[in-house]
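For the numbers below, each heavy atom of this structure counts, side chains included, while hydrogens, waters and symmetry mates do not.
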Amino acid sequence: MKLLARNLSRSTTEQEIRVLFSAHGSVTECNLVLDQETGKSKGFAFVEMPNEAEAKAALSALHETRVASNRIRVKYAQK
């Protein structure tokens, strides 16, 4: 199941996102979206979790929580 994490701090790393979601289950893929020109974070990432129950647990646990002073939003990614 693919999740979208939005409103991330520009300083949040892909590894930090992976650790955050891994606390709720296995993460097969984590892609922090970067600006092509600057190489800096655009403030959102896609996280792939193969187990649907773990993905739902991560979504409900992490949505609207504070990470690096930003209140992140987690939702199901559009296919």
Is it the case that one hydrophobic cluster holds both Leu34 and Val47, taking links as side-chain heavy atoms less than 4.5 Å apart, direct or via other members?
-> yes
List the steps and the verdict of side-chain contact (heavy atoms from CB on, under 4.5 Å) for Thr13 and Leu32.
-> CA-CA 7 Å; Thr13 66; Leu32 180 63; 5.5 Å; no
Does any non-hydrogen side-chain atom of Tyr76 lie less than 4.5 Å from one of Met1?
-> yes
Quick one: do Leu3 and Val67 end up in the same hydrophobic cluster if we chain Ile, Leu, Val, Met, Phe, Trp and Tyr together by side-chain heavy atoms under 4.5 Å apart?
-> yes
Flag the pair Glu14 and Arg18 as a salt bridge only when some basic side-chain nitrogen lies within less than 4.0 angstrom of an acidic carboxylate oxygen.
-> no
Would you check, one step at a time, whether the test side-chain contact (heavy atoms from CB on, under 4.5 Å) holds for Ser26 with Met49?
-> CA-CA 6 Å; Ser26 76; Met49 298 182 78; over 6 Å; no
Side-chain contact, heavy-atom cut-off 4.5 Å: Ile17 with Leu8?
-> yes
For Ala57 and His24, work out which heavy atoms get closest and say how close.
-> O-ND1, 4.3 Å
Any donor-acceptor pair under 3.5 Å from Arg71 side chain to Glu64 backbone | yes
For Arg73, which of Thr65, Asn7, Leu62 qualifies under side chain to side chain contact (heavy atoms under 4.5 Å, CB included)?
-> Asn7
So, Glu48 side chain and Cys30 main chain: donor-acceptor pair closer than 3.5 Å or not?
-> no
Side chains of Glu29 and Asn31: closer than 4.5 Å at any heavy-atom pair?
-> yes
Distance in Å, Lys75 NZ paired with Arg6 CZ, rounded so as to fall on 0.5 Å steps = 5.0 Å
